[in-house]
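Note that these values count all heavy atoms, side chains included, but never hydrogens, waters or copies made by symmetry. By convention in this document, chain letters (A, B, ...) are assigned in the order of the sequence lines, proteins followed by strands, and residues within each chain are numbered from 1.
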Amino acid sequence: MSVGFIGAGQLAFALARGFTAAGILAAHKITASSPDTDLPTVSGLRKVGVNFTVSNKDTVKSSDVLFLAVKPPIIPFILDEIGPDIEDRHIVVSCAAGVTISSIEKKLSTFCPTPKVIRCMTNTPVIVREGATVYATGTHADVEDGKLLEQLMASVGFCTEVEEDLIDAVTGLSGSGPAYAFTALDALADGGVKMGLPRRLAVRLGAQALLGAAKMLLESEQHPGQLKDNVCSPGGATIHALHFLESGGFRSLLINAVEASCVRTRELQHLADQEKISPAAIKKTLLDKVKLESPSLSVASASKVSLFTSKNPSSKKN
Amino acid sequence: MAGGVARGLLLAGKVPAGNILASAPSDRNLGAFRESGCRTTHCNLEVLQDSTLVFLATKPHVLPGVLQEIRPAVCPHHIIVSLAAGVTLQTLQRLLPAGTKVLRLMPNLPCVVQAGAMVFSRGDGAGEQEASLLKSLLSSCGLCEEVPESYINIHTGLSGSGVAYVYLFAEALAEGAVKMGMPGPLASRIAAQTLLGAAKMMLETGEHPAKLRGDVCTPGGTTIHALHQLEKGALRATVMSAVEAATNRACDMGKD
């Protein structure tokens, strides 16, 4: 089985690193492509031993499982570009936040009658094989196709199938989650430094504390509330600290964060569906490069780009 | 408070009414005792002469005077249990004959309906036997546990005053319902039953409240939306601060 990544950014790099480290896939079975060769992740991918190319079409041709690892506004351009090369054997896996299975199927069905589409939401810790991934299978993706993806993603962390309508919530929780954790860790380290610890040690200890706590929770039958209680000796240091956290509305801030990320994801999807994303949202250089590959595309108007219609669906580039 | 304890003992059949003697300077509170069949008097010394187990249920500032008064009548067989807030075992022992079996009890208001939460601690002269006796008698009024004396002020903050926090919460729940269109009295009864039911589940299942809370929260449902509001209001921290404030005040008052 060979795997391809359209896009050679953080996500592609993290997944490629994870898959190879897990030994589930040899590096030479992985291809990644991007028109932008200056990305720092490109050299990273090369170091891993992945085949890098500037041609998305080459990636499609050499892959069975094709990850769309580009930013959401780019997805429609990609689908137009590679659509003609998608065959029945391909499993197209979109990792783009807020991009629905039906929007991808609609685009691809102009080229291929029964495209196999799977939508997944993962997160960056796949790079250290502690990712959190969910996926939902599209109309023409079989159970085996889902299982194949699950096997791949399970090699780099936790992976489970969900109904598509939960994916935005997953984005808010575990998609964005590592960012919340990094923020917390930065602040915890600041606390340590304030109280006299050297920075490096503070960061190391903070990270280990969160890692250990998460591991305890995953391996325990107990409720996190109970695990918290187990740490709080009466009148001790921890309960005093927790009181501060509660006073600051710590819990509600976290609830707010998950909600905000989820809501924003839905908003972006809604905007995309209504074809309201302006080309200013897309880097001009990238747009130009994509346009070079796909002369069939055109920018419909100065202020709005028509994302989900294509002027010349059957044109092929050589 | 004395009335509540007495009523509990009577209802549980632990002590026949005829074996309970209550004294007070005026008749104001004694009527209730007499109605339940207990004997009453205006003479504190008579209580000492007549009883083995003696509850001191006066207001704290009155107690030293009462102790002076009864001291001559206190004998080795007596078990003296003080309910006076803020009066330490040390003070009690100082004002009573050396070696007297003294215990200190902190009940809470719902003792009067036999759903109290009580803690007690032993003085130097009181042993296992006295502790077991007190615990077995008072379990008729609710939960009764022996604790180190240092926990008594915390109990005040948690449960003595805590009853008032619950009333406040119940009132607020009902007001929310009234705002949404329910009549007040009905809302109030339902609020009380909700608190009762939730507490009963905690006590009977022994499960962690966080788990019980999670069990009620269906994904995207009404409860989690409401809980988010509570968290935004930092309810937890506020409640912790309330317990802290009451406990600190109990400590301060005890020093006076």
Check: Among B:Gly214, B:Ala234, B:Ser241, which residue forms the greatest number of heavy-atom pairs with chain A at distances under 4.5 Å?
Finding: B:Ser241

Checklist line | Nearest heavy atoms of B:Ala237 and A:His243, plus distance in Å | finding: O-NE2, 3.0 Å

Item checked: Heavy-atom pair of closest approach, residues B:Lys211 and A:His223 -> CA-CD2, 3.4 Å

Check: When rounded to the nearest 0.5 angstrom, what distance separates CE in B:Met240 from CZ in A:Phe244?
Finding: 10.5 Å

Notebook entry, point to check: Measuring from A:Arg251:CZ to B:Glu231:CD, what's the distance to the nearest 0.5 Å?
Noted result: 5.5 Å

Checklist line | Side chain / backbone / both / neither for A:Asp229 at chain B, heavy atoms under 4.5 Å | finding: side chain

Notebook entry, point to check: Should we say atom CZ of A:Arg204 is surrounded by more than 12 heavy atoms from elsewhere, each under 6.0 Å from it?
Noted result: no

Check: Shortest non-hydrogen contact from B:Ala210 to A:Gly225?
Finding: CB-CA, 4.0 Å

Check: At their closest point, which heavy atom of A:Ser252 faces which heavy atom of B:His228, and how far apart are they?
Finding: O-NE2, 3.7 Å

Next item on the list: With a 4.5 angstrom heavy-atom cut-off, could you sort out which part of B:Glu207 is near chain A: side chain, backbone, both or neither?
Entry: neither

Margin query: Under 4.5 Å from any heavy atom of chain B, what part of A:Glu259 do you find: side chain, backbone, both or neither?
Written below: side chain

Check: Checking heavy atoms, do the side chain of A:Leu166, its backbone, both or neither come under 4.5 Å from chain B?
Finding: neither

Note to self: Using a 4.5 angstrom heavy-atom cutoff, name the option from B:Gln229, B:Arg213, B:Lys232 with the most pairs to chain A.
What the structure shows: B:Lys232

